[in-house]
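The block underneath contains the structure these notes are about, expressed in structure tokens.
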Amino acid sequence: SKQTVFSKKKSKKKKKKRKKGKESSGSNESDSDESPERKGGLQSANQLLEKLAKMKEFAEKKRREMEGEFKVPEAPVRRDAQGNKIDRMLEEAKESAENEEERLKLEKFMLYSKGLVQHKEAVAKKADDQYEMTKGVARYSNDNDYNALLKNQARADDPMNKFSEKKKKKSKSKEK
């Protein structure tokens with residue numbers, strides 16, 4: 001009989017520990033914010049269907065809550081002094097026409113402040129880059145564009161550099 005009393009005491013202590021563990025972990029099924037409890041192991045089909053239904057309800061509830069958070073509020077209706085509705089699209093169109101003139105003036109100013117030559121060089125470089133992108137990566141000895149590029153490069157240690165500069169000046173003066 002001593003063994004049975006001793007084993008009963010142990011089982012009571014174990015039950016108390018389990019209850020304390022559940023209370024401290026915060027698994028309260030009445031709390032609606034938490035997801036339904038998931039358990040593994042053998043379960044009947046009815047138990048699985050019930051859990052599945054609970055999980056679907058929970059997911060739908062969370063989806064509805066999240067949907068409410070991300071709704072974009074409608075723009076307020078603006079009215080003039082007489083109480084008529086103001087059409088924002090019409091107002092924006094008028095402002096954009098005025099802003100277009102200012103934008104063109106600003107672009108022209110920015111162009112002149114940066115420098116016309118630099119702008120032309122940038123446009124030419126961009127067009128050249130676009131042309132080069134259409135070509136393949138490999139360059140061969142019969143590539144005329146590549147050969148012309150190498151021929152036009154001026155090198156500091158080239159003794160014929162002075163002669164080629166004179167030649168370029170003469171060809172430019174003939175073109176004008």
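Computed over heavy atoms, backbone and side chain alike; hydrogens, waters and symmetry mates excluded. This is a predicted model, so every value here is computed, not measured.
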Is the number of heavy atoms from other residues, nucleotides or ligands within 6.0 Å of [atom1] ([X]) greater than 12?
X: Lys56; atom1: NZ; value: no
X: Arg139; atom1: CZ; value: yes
X: Lys167; atom1: NZ; value: no

Value rounded to 0.5 Å, distance of [atom1] in [X] from [atom2] in [Y]:
X: Tyr146; Y: Glu132; atom1: OH; atom2: CD; result: 10.5 Å
X: Met133; Y: Asp128; atom1: CE; atom2: CG; result: 10.0 Å
X: Glu101; Y: Ser96; atom1: CD; atom2: OG; result: 10.5 Å
X: Lys51; Y: Gln47; atom1: NZ; atom2: CD; result: 6.0 Å
X: Leu48; Y: Glu50; atom1: CG; atom2: CD; result: 9.5 Å
X: Leu150; Y: Asp145; atom1: CG; atom2: CG; result: 11.0 Å

Flag the pair [X] / [Y] as yes when at least one side-chain heavy-atom distance between them is below 4.5 Å, and no otherwise.
X: Glu91; Y: Lys94; answer: no
X: Val123; Y: His119; answer: yes
X: Lys105; Y: Phe109; answer: no

Could you tell me whether [X] and [Y] have a side-chain N and a carboxylate O separated by less than 4.0 Å?
X: Glu107; Y: Arg103; answer: yes
X: Glu165; Y: Lys169; answer: no
X: Lys54; Y: Glu57; answer: no

>> Does anything in residues 147-161 form a salt bridge (Lys or Arg N to Asp or Glu O under 4.0 Å)? List the pairs, not counting sequence neighbours.
In response: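 Listed once each, the pairs would be none.
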
> Asn152 side chain to Ala148 main-chain N or O, any donor-acceptor pair under 3.5 Å?
Replying inline: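 The answer is yes, because a donor-acceptor pair under 3.5 Å joins these two groups.
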
> Ignoring hydrogens and geometry, is there a side-chain-to-backbone donor-acceptor pair from Asn147 to Asp143 under 3.5 Å?
Replying inline: yes

>> For Lys170 versus Ser173, what's the shortest heavy-atom pair and its separation?
In response: O-OG, 2.8 Å

